[in-house]
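Naming: A, B, ... by sequence-line order, numbering from 1 per chain.
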Number of protein chains: 2
Amino acid sequence: MELDTRKFKILQAIIKNYLETGEPVGSRTISKYTDLNLSSATIRNEMADLEELGYIIQPHTSAGRIPSDKGYRLYVDQMMSEKEEELNNREREVIELKEFLSEKVEKVEELLQDTAKLLANNTNYTSLISTPKYFKSLKFIQLSQVESGKLLCVVVLQGNVIKNKIIDLNKELDTETILKLNILFNNTLNGLTMEEINLALISRMTAQAGEHTELVRTILDVVAQALSGDDDLKIYTSGTTNIFKYPELSDSAKASELICTLEEKKLLTNLLVDKEHSEGKGIQIYIGAETPIQTMKDCSVVTATYELEDGVSGTIGIIGPKRMDYEKVVENLKTVKEQLDAVFKK
Amino acid sequence: MELDTRKFKILQAIIKNYLETGEPVGSRTISKYTDLNLSSATIRNEMADLEELGYIIQPHTSAGRIPSDKGYRLYVDQMMSEKEEELNNREREVIELKEFLSEKVEKVEELLQDTAKLLANNTNYTSLISTPKYFKSLKFIQLSQVESGKLLCVVVLQGNVIKNKIIDLNKELDTETILKLNILFNNTLNGLTMEEINLALISRMTAQAGEHTELVRTILDVVAQALSGDDDLKIYTSGTTNIFKYPELSDSAKASELICTLEEKKLLTNLLVDKEHSEGKGIQIYIGAETPIQTMKDCSVVTATYELEDGVSGTIGIIGPKRMDYEKVVENLKTVKEQLDAVFKK
DNA sequence: TGTTAGCACTCACTCTTTTAGAGTGCTAAT
DNA sequence: ATTAGCACTCTAAAAGAGTGAGTGCTAACA
């Protein structure tokens, strides 16, 4: 049995209607509100076929049909039109966003949090956003003695991201030595990435350091830590409570589980890696069981990746019920993505 | 009508029982499970009095009684015994905590987050913790040129808290000038607090700066920002979903409202200031409507303040239903507070 | 005078039954 | 191939009945 044009149309109508109303849709509704001019009985036959094909589901015998995961999949892959009429509204949104975002480019964290909040408010779903994985290369390093026995080590990375650490010295250092170390580090490592700092370089440095070999090693550790940027990955969420707007998610058990997942940010990293379901343009859609996070199997997740430069990127995402307004969400994500790209490039 | 010993005992029995069971408690229960040897009828009479006095409430005509806010207040103020037997258990807990905490003193943020998690797990309520308001005085300042036209400004505060900012210069600076500025700032401002940096000092500095007056001003702004520490106040929450364990909080509307409040960390700052209900030892208990946050009027909140040094402190708190196990919560908070004090003093 | 037994009464809860409505599947006619 | 018609299914909401915990009041008692 194949999906002919009529079945396709009917399926589309069912899904559209369900997305709008959130109620299972019956044959009569489709019969009335499509231009197919078919009686409900005919629709019923087709629906039975569609169910057999796995695109729709009957919650119980005497209910209408709702889309299955497979149905949704088909919808987002083939049915979601990018309506041109909506561009108008969209354009307005873009501008608002721009104004909103450009106010405070300073504090990246705050910017991201606000962006998440904006997204959550706009869509009425839960949003999440991860800090970008910045900076691959070293730009500048500054060592200075804060007080006796304490060496302040400031590392500036490409993209003007700054890390610092105070190192406890076991002996005193004179100003001259510190100056020398500063020059040594900056001359040797400037512009290099984690990978480019190899053993050859390191041994050259330790050789030059003379009696301060140990210290150089310690400082290199700090640099490594900074470059790895492991501990920088932060994930912000917003609009958690929006899930209560959707009865299918808001019973105590499910809500609790979901909110728990959102609180344990670490669990969310899975969402930020997988690119399997990417559909060009850096938008990924996970429907139901497709999501890499078990607890979200009753949700859909849409993510987008914003980029600063090659390979330096973060992720924004929306989590909502499977019957979310995918078009709106994708629109919003695209807009925000563009805005973020723009802001960071500046 | 006064609260004689018998009424006191009965009230205590009612509250204890209610805290344990979570069910309204009836006269028969009290009659059986106290050593007063009174019939249920007598208890009923007393209960009627206690209700008139405002200590207990009847949810509906044919239900037992539950404590009112006033009743809880009396309980935490006068009935909560610090049972010595519990000290044993407590001692064990302390040690566990110590091991747990001493692992990672490095990353304060992580430490606090983990502490919050620990508290939430231990108590089965929601926990919150605020970063300490550090550092009042300036320890060290370091200016250095990262690349042409960009000046890196690192400010180290008492307590080794580090802030940095990159300043865009409108003109080039030579190494000598930067050195001079470094010396100027460190000599003039070292060890001073926000308040001590007065206009006299500032004008002296700008005078000495010569053509770089404007730059000095900019740097002073950075210093001021760092010293104010406004943007440092962070609040972490954990165990949000624990509220679902308490039916009186977990209906959709209330839970949503609560979680929303917890998400909007800014709203929580109110909890961290007010000291009105402090009961020695830095433990504050807010019952129901007493809390400064409207949305928590069905909860009780217990907070403790941990201190680094005079006036430098943060707050830990527990949010739960009014029928929370106050003794346990207070124990836990005390323990954690002590641990944090110890860790930070080290 | 304080305490108690006894009893009628209240009210939330649970369980069952009823009803209404939406929607289906099947059959026979077109 | 499509449709009208009808019996059937199932949910959700409403209505009703029974249960039990707990009360308030009264009258008797020590």
Side-chain angles (χ1 to χ4, degrees), chain A residues 1-11 13-15 17-18 20-68 71 247-248 250-251, chain B residues 1-11 13-15 17-18 20-68 71 247-248 251-252:
Chain A
M1 189 155 36
E2 211 25 65
L3 245 200
D4 56 37
T5 319
R6 197 169 75 178
K7 283 196 173 58
F8 188 88
K9 270 192 176 169
I10 291 173
L11 180 56
I14 293 172
I15 297 180
N17 194 290
Y18 183 65
E20 277 167 26
T21 65
E23 298 284 310
V25 2
S27 52
R28 208 152 157 275
T29 315
I30 299 300
S31 162
K32 274 200 293 190
Y33 297 106
T34 52
D35 46 3
L36 291 167
N37 283 323
L38 293 171
S39 76
S40 62
T42 314
I43 302 289
R44 273 204 289 286
N45 289 331
E46 295 288 42
M47 276 170 133
D49 290 350
L50 284 170
E51 183 160 14
E52 204 175 325
L53 287 166
Y55 290 108
I56 52 182
I57 289 172
Q58 227 175 346
H60 56 264
T61 347
S62 74
R65 307 302 212 290
I66 64 174
S68 68
E248 65 265 49
S250 66
D251 71 286
Chain B
M1 186 159 33
E2 210 23 67
L3 244 200
D4 57 36
T5 320
R6 197 170 76 177
K7 284 199 173 54
F8 189 87
K9 271 192 178 169
I10 292 173
L11 180 55
I14 294 173
I15 298 181
N17 194 290
Y18 183 66
E20 277 166 27
T21 65
E23 299 285 309
V25 3
S27 53
R28 212 155 154 272
T29 315
I30 299 299
S31 162
K32 277 199 291 187
Y33 299 106
T34 52
D35 46 2
L36 292 165
N37 283 321
L38 293 170
S39 77
S40 59
T42 314
I43 302 289
R44 273 205 288 286
N45 288 330
E46 295 288 43
M47 278 169 130
D49 290 351
L50 284 170
E51 181 159 15
E52 204 176 323
L53 287 165
Y55 291 107
I56 50 179
I57 288 171
Q58 228 176 345
H60 56 264
T61 344
S62 72
R65 308 301 215 284
I66 63 175
S68 69
E248 66 265 49
D251 71 285
S252 223

A/Ser27 versus A/Ile30: any side-chain heavy-atom pair under 4.5 Å?
no

Any chance you could lay out the side chain to side chain contact (heavy atoms under 4.5 Å, CB included) test for B/Leu50 and B/Arg65, step after step, and finish with the verdict?
CA-CA 10 Å; B/Leu50 284 170; B/Arg65 308 301 215 284; over 6 Å; no

Taking the side chain as every heavy atom from C-beta outward, state whether A/Glu46 and A/Leu38 have any atom pair closer than 4.5 Å.
no

Go through A/Thr42 and A/Arg6 one step at a time and tell me if the side chain to side chain contact (heavy atoms under 4.5 Å, CB included) criterion holds.
CA-CA 11 Å; A/Thr42 314; A/Arg6 197 169 75 178; 3.9 Å; yes

Whole-Å distance separating the CD atom of A/Glu46 from the P atom of C/dG23:
19 Å

Rounded distance (Å) that lies between atom P of C/dT4 and atom CE of B/Met47
15 Å

Looking at DNA chain C, which of residues 55-68 of chain B put a heavy atom within less than 4.0 Å of it?
B/His60, B/Thr61, B/Ser62

Show each protein N/O and nucleotides 25-30 of chain D N/O combination with a separation under 3.5 Å, one pair to a line.
none

note: B/Ile10, atom CD1; C/dG2, atom C1'; distance rounded to Å ~ 13 Å

Check the pair A/Ile10 / A/Ile43 against side chain to side chain contact (heavy atoms under 4.5 Å, CB included), numbers first and verdict last.
CA-CA 8 Å; A/Ile10 291 173; A/Ile43 302 289; 4.0 Å; yes

Checking A/Leu36 against A/Lys9 for the side chain to side chain contact (heavy atoms under 4.5 Å, CB included) test, could you report, in this order, the C-alpha distance in whole Å, the side-chain angles of both residues, the deciding distance, and whether it holds?
CA-CA 9 Å; A/Leu36 291 167; A/Lys9 270 192 176 169; 3.8 Å; yes

Let me know the distance between CD1 of B/Ile43 and P of C/dG2, rounded to the nearest Å.
16 Å

Ignoring backbone atoms, test whether A/Ser39 places a side-chain nitrogen or oxygen under 4.0 Å from the OP1 or OP2 oxygen of D/dT2.
no

For DNA chain D, determine which residues of residues 23-37 of chain A have any heavy atom closer than 4.0 angstrom to one of its atoms, and list them numerically.
A/Asn37

Look up atom CG in B/Leu11 and atom CD1 in B/Ile15, then write down how far apart they are to the nearest 0.5 Å.
4.0 Å

Residue pair A/Tyr55 / A/Leu3, side-chain heavy-atom distance below 4.5 Å
yes

Close side-chain approach of A/Pro24 and A/Ile66, heavy atoms under 4.5 Å
yes

Quick one: CG on A/Asp4 to NZ on A/Lys7, what's the gap to the nearest 0.5 Å?
4.5 Å

Kindly say whether A/Gly54 contributes a backbone atom to a donor-acceptor pair with the side chain of A/Ser68 at under 3.5 angstrom?
yes

Expressed as a whole number of angstroms, how long is the span from B/Leu38:CG to C/dG2:C1'?
10 Å

